[in-house]
Q: 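The structure's right below; bear with me while I get my questions together.
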Amino acid sequence: MRSLRLRALAIVGLLALAGCSILGSEQRDPVTIYAPQPQVASDPSWPTVAWQLSVGKPTAPRVVDSPRIAVRPAPGELQVYKGASWSQPSTDLVEAIVLRALEDSGRIPAVARDGSGIRADYKLVMDLRRFESDYAGAAIPSATIELTAKLLHASDQRIVASRTFLQVQPSSGTEVAQVTSAFDQALGKLGAEVTGWVLATGEADTRNKP
(Lines give C-alpha, C1' and ligand atoms only; values in the text may rest on other atoms or scores of the structure.)
Protein backbone atom coordinates (compact mmCIF):
# COMPACT_ATOMS: atom_id res chain seq x y z
CA MET A 1 0.00 0.00 0.00
CA ARG A 2 2.84 2.35 0.90
CA SER A 3 4.50 1.58 -2.44
CA LEU A 4 1.30 2.48 -4.32
CA ARG A 5 1.02 5.77 -2.44
CA LEU A 6 4.62 6.68 -3.24
CA ARG A 7 4.07 5.84 -6.90
CA ALA A 8 0.91 7.98 -7.00
CA LEU A 9 2.75 10.92 -5.43
CA ALA A 10 5.55 10.52 -7.95
CA ILE A 11 3.07 10.60 -10.84
CA VAL A 12 1.38 13.72 -9.42
CA GLY A 13 4.79 15.37 -9.09
CA LEU A 14 5.71 14.59 -12.69
CA LEU A 15 2.38 15.97 -13.89
CA ALA A 16 2.94 19.14 -11.88
CA LEU A 17 6.40 19.56 -13.41
CA ALA A 18 4.98 18.95 -16.86
CA GLY A 19 2.31 21.55 -16.19
CA CYS A 20 4.92 24.09 -15.12
CA SER A 21 6.94 23.37 -18.25
CA ILE A 22 3.93 23.95 -20.48
CA LEU A 23 3.03 27.21 -18.74
CA GLY A 24 6.59 28.42 -18.84
CA SER A 25 6.93 27.82 -22.55
CA GLU A 26 3.89 29.89 -23.55
CA GLN A 27 4.75 32.78 -25.85
CA ARG A 28 2.55 35.83 -25.39
CA ASP A 29 2.15 38.36 -28.15
CA PRO A 30 4.08 41.52 -27.31
CA VAL A 31 1.92 44.55 -26.46
CA THR A 32 2.94 48.10 -27.34
CA ILE A 33 1.60 50.62 -24.83
CA TYR A 34 0.84 54.12 -26.11
CA ALA A 35 0.81 57.10 -23.74
CA PRO A 36 -0.58 60.20 -25.46
CA GLN A 37 1.11 63.49 -24.60
CA PRO A 38 -1.09 66.12 -26.24
CA GLN A 39 -0.12 69.76 -26.19
CA VAL A 40 -2.64 72.52 -25.47
CA ALA A 41 -1.71 76.14 -26.16
CA SER A 42 -3.45 78.82 -24.11
CA ASP A 43 -5.81 81.01 -26.14
CA PRO A 44 -5.54 84.79 -25.54
CA SER A 45 -9.33 85.05 -25.81
CA TRP A 46 -9.89 82.88 -22.73
CA PRO A 47 -11.06 84.95 -19.74
CA THR A 48 -9.22 85.03 -16.44
CA VAL A 49 -11.60 83.96 -13.67
CA ALA A 50 -11.68 84.19 -9.87
CA TRP A 51 -13.75 81.07 -9.15
CA GLN A 52 -12.65 77.49 -8.54
CA LEU A 53 -13.57 74.29 -10.38
CA SER A 54 -13.79 70.57 -9.64
CA VAL A 55 -13.62 68.07 -12.48
CA GLY A 56 -15.43 64.74 -12.27
CA LYS A 57 -14.03 61.66 -13.97
CA PRO A 58 -15.96 61.05 -17.21
CA THR A 59 -18.51 58.28 -17.27
CA ALA A 60 -18.63 55.95 -20.28
CA PRO A 61 -20.07 52.65 -21.48
CA ARG A 62 -17.89 49.66 -20.62
CA VAL A 63 -16.90 49.15 -24.25
CA VAL A 64 -15.57 52.74 -24.35
CA ASP A 65 -13.97 52.90 -20.90
CA SER A 66 -11.09 50.56 -21.67
CA PRO A 67 -7.33 50.65 -22.23
CA ARG A 68 -7.80 48.70 -25.47
CA ILE A 69 -7.54 50.81 -28.64
CA ALA A 70 -10.90 50.48 -30.37
CA VAL A 71 -11.31 50.56 -34.14
CA ARG A 72 -14.54 50.69 -36.15
CA PRO A 73 -13.79 49.17 -39.58
CA ALA A 74 -17.43 49.43 -40.66
CA PRO A 75 -20.66 50.91 -39.23
CA GLY A 76 -22.03 48.74 -36.45
CA GLU A 77 -18.74 46.83 -36.03
CA LEU A 78 -16.26 47.52 -33.24
CA GLN A 79 -12.91 45.75 -32.85
CA VAL A 80 -9.60 46.42 -31.08
CA TYR A 81 -6.08 46.67 -32.42
CA LYS A 82 -4.09 43.52 -31.61
CA GLY A 83 -0.89 43.96 -29.63
CA ALA A 84 -1.61 47.58 -28.68
CA SER A 85 -3.00 49.32 -25.62
CA TRP A 86 -3.39 52.75 -24.08
CA SER A 87 -1.41 53.46 -20.92
CA GLN A 88 -4.73 54.22 -19.17
CA PRO A 89 -8.44 53.69 -19.86
CA SER A 90 -9.89 56.29 -22.22
CA THR A 91 -11.82 58.09 -19.45
CA ASP A 92 -8.57 58.65 -17.54
CA LEU A 93 -6.88 60.02 -20.65
CA VAL A 94 -9.70 62.52 -21.21
CA GLU A 95 -9.85 63.55 -17.55
CA ALA A 96 -6.08 64.10 -17.50
CA ILE A 97 -6.00 66.33 -20.58
CA VAL A 98 -8.93 68.46 -19.40
CA LEU A 99 -7.35 68.96 -15.96
CA ARG A 100 -3.94 69.75 -17.41
CA ALA A 101 -5.32 72.16 -20.00
CA LEU A 102 -7.24 74.08 -17.33
CA GLU A 103 -4.30 74.11 -14.93
CA ASP A 104 -1.79 75.16 -17.58
CA SER A 105 -4.07 77.90 -18.91
CA GLY A 106 -3.12 80.17 -16.00
CA ARG A 107 -6.65 81.60 -16.12
CA ILE A 108 -8.18 79.90 -13.06
CA PRO A 109 -6.94 80.02 -9.44
CA ALA A 110 -7.75 76.39 -8.59
CA VAL A 111 -8.91 73.31 -10.46
CA ALA A 112 -8.84 69.76 -9.10
CA ARG A 113 -10.43 66.35 -9.36
CA ASP A 114 -13.83 65.97 -7.76
CA GLY A 115 -13.45 64.90 -4.14
CA SER A 116 -10.05 66.52 -3.69
CA GLY A 117 -11.39 68.84 -0.99
CA ILE A 118 -11.18 72.23 -2.71
CA ARG A 119 -14.11 74.63 -2.23
CA ALA A 120 -15.29 74.55 -5.82
CA ASP A 121 -17.72 77.12 -7.19
CA TYR A 122 -18.43 75.06 -10.30
CA LYS A 123 -18.25 71.39 -11.20
CA LEU A 124 -17.56 69.88 -14.61
CA VAL A 125 -19.40 66.62 -15.33
CA MET A 126 -18.49 64.65 -18.47
CA ASP A 127 -19.72 61.61 -20.38
CA LEU A 128 -17.44 59.99 -22.95
CA ARG A 129 -19.53 58.57 -25.78
CA ARG A 130 -16.87 57.60 -28.31
CA PHE A 131 -13.11 57.08 -28.23
CA GLU A 132 -12.26 55.06 -31.31
CA SER A 133 -10.47 54.86 -34.63
CA ASP A 134 -13.26 55.11 -37.20
CA TYR A 135 -12.89 54.32 -40.89
CA ALA A 136 -16.34 55.79 -41.67
CA GLY A 137 -16.20 54.40 -45.22
CA ALA A 138 -12.73 55.81 -45.93
CA ALA A 139 -9.46 54.04 -46.65
CA ILE A 140 -7.74 55.65 -43.66
CA PRO A 141 -9.32 55.96 -40.19
CA SER A 142 -9.79 59.05 -38.05
CA ALA A 143 -9.30 59.37 -34.30
CA THR A 144 -12.83 60.08 -33.12
CA ILE A 145 -13.67 61.43 -29.67
CA GLU A 146 -17.20 62.44 -28.65
CA LEU A 147 -17.69 64.00 -25.22
CA THR A 148 -20.72 65.59 -23.58
CA ALA A 149 -20.06 68.07 -20.79
CA LYS A 150 -22.21 69.84 -18.21
CA LEU A 151 -21.10 72.75 -16.07
CA LEU A 152 -22.89 72.75 -12.71
CA HIS A 153 -23.04 75.41 -10.03
CA ALA A 154 -21.58 73.59 -7.05
CA SER A 155 -23.79 75.01 -4.28
CA ASP A 156 -27.18 74.13 -5.77
CA GLN A 157 -26.20 71.69 -8.57
CA ARG A 158 -27.85 73.99 -11.09
CA ILE A 159 -26.91 73.16 -14.69
CA VAL A 160 -25.30 76.29 -16.06
CA ALA A 161 -24.78 74.91 -19.56
CA SER A 162 -24.16 71.70 -21.49
CA ARG A 163 -22.40 70.96 -24.75
CA THR A 164 -21.29 68.06 -26.92
CA PHE A 165 -17.73 68.12 -28.24
CA LEU A 166 -16.72 66.08 -31.28
CA GLN A 167 -13.16 65.74 -32.53
CA VAL A 168 -12.46 63.83 -35.75
CA GLN A 169 -8.75 63.86 -36.55
CA PRO A 170 -7.69 62.00 -39.72
CA SER A 171 -4.75 59.64 -39.29
CA SER A 172 -1.77 59.81 -41.62
CA GLY A 173 -2.07 56.06 -42.26
CA THR A 174 -3.50 52.77 -41.04
CA GLU A 175 -0.62 51.73 -38.75
CA VAL A 176 -1.39 51.82 -35.02
CA ALA A 177 1.40 54.33 -34.34
CA GLN A 178 -0.11 56.68 -36.93
CA VAL A 179 -3.58 56.26 -35.44
CA THR A 180 -2.37 56.99 -31.90
CA SER A 181 -0.59 60.09 -33.18
CA ALA A 182 -3.96 61.28 -34.51
CA PHE A 183 -5.42 60.71 -31.04
CA ASP A 184 -2.66 62.92 -29.61
CA GLN A 185 -3.86 65.75 -31.83
CA ALA A 186 -7.55 65.08 -31.16
CA LEU A 187 -7.02 65.07 -27.39
CA GLY A 188 -5.12 68.35 -27.56
CA LYS A 189 -7.89 70.02 -29.53
CA LEU A 190 -10.52 68.58 -27.18
CA GLY A 191 -8.66 69.89 -24.13
CA ALA A 192 -8.50 73.36 -25.66
CA GLU A 193 -12.18 73.38 -26.62
CA VAL A 194 -13.37 72.21 -23.22
CA THR A 195 -11.11 74.66 -21.39
CA GLY A 196 -12.26 77.66 -23.41
CA TRP A 197 -15.90 76.69 -23.02
CA VAL A 198 -15.67 76.12 -19.25
CA LEU A 199 -13.88 79.42 -18.60
CA ALA A 200 -16.20 81.49 -20.80
CA THR A 201 -19.40 79.80 -19.62
CA GLY A 202 -18.57 79.93 -15.91
CA GLU A 203 -17.45 83.54 -16.11
CA ALA A 204 -20.62 84.58 -17.96
CA ASP A 205 -22.73 82.89 -15.29
CA THR A 206 -20.79 84.62 -12.51
CA ARG A 207 -21.24 88.04 -14.11
CA ASN A 208 -24.96 87.51 -14.67
CA LYS A 209 -25.70 86.75 -11.04
CA PRO A 210 -27.87 89.37 -9.35
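These numbers come from the heavy atoms of this one structure, side chains and all, not from hydrogens, waters or symmetry mates. For the single chain, residues carry numbers from 1 onward in sequence order.
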Q: Determine whether E95 and R113 satisfy the following criterion, salt bridge (charged side-chain N to carboxylate O under 4.0 Å, His left out), listing intermediate values before the conclusion.
A: CA-CA 9 Å; E95 180 190 31; R113 286 180 171 85; 3.4 Å; yes
Q: Clusters formed by hydrophobic residues whose side-chain heavy atoms approach within less than 4.5 Å: which one holds L152, and what are its other members?
A: V125, I159
Q: Side-chain donor-acceptor pairs under 3.5 Å in residues 53-64, sequence neighbours left out?
A:
from, atom 1, to, atom 2, distance (Å)
K57, NZ, D92, OD1, 3.2
T59, OG1, D127, OD1, 2.7

Q: Centroid-to-centroid, Y34 to F183, below 6.0 Å?
A: no
Q: Can you pull out every ring-ring contact (aromatic ring centres under 6.0 Å, His included) where at least one residue sits in residues 107-126? Sequence neighbours excluded, please.
A: W51-Y122, Y122-H153
Q: State the NZ-CZ distance between K150 and R158, to the nearest 0.5 angstrom.
A: 15.0 Å
Q: Cluster partners of L166, using ILVMFWY side-chain heavy atoms under 4.5 angstrom, listed by chain and number?
A: V168
Q: In Å, rounded to the nearest 0.5 Å, how long is the span from OG1 of T32 to OH of Y81?
A: 13.5 Å
Q: How close do P109 and V49 get, counting heavy atoms only, and between which atoms?
A: CD-O, 3.3 Å
Q: For E175, enumerate each residue passing the side chain to side chain contact (heavy atoms under 4.5 Å, CB included) test, keeping only those at least two apart in sequence or located in another chain.
A: Q178
Q: Taking atom types as modelled, find out whether D134 and S142 have a side-chain donor-acceptor pair closer than 3.5 angstrom.
A: no
Q: Between the side chains of Q37 and Q39, does any donor sit under 3.5 Å from an acceptor?
A: no
Q: Which atom pairs, one a donor and one an acceptor, fall under 3.5 Å between side chains of residues 187-202 and the rest of the protein, sequence neighbours left out?
A:
from, atom 1, to, atom 2, distance (Å)
K189, NZ, Q169, OE1, 2.8
E193, OE1, Q167, NE2, 2.9
E193, OE2, R163, NH2, 3.4
T195, OG1, G191, O, 2.8
W197, NE1, T201, OG1, 3.3
T201, OG1, W197, O, 2.7

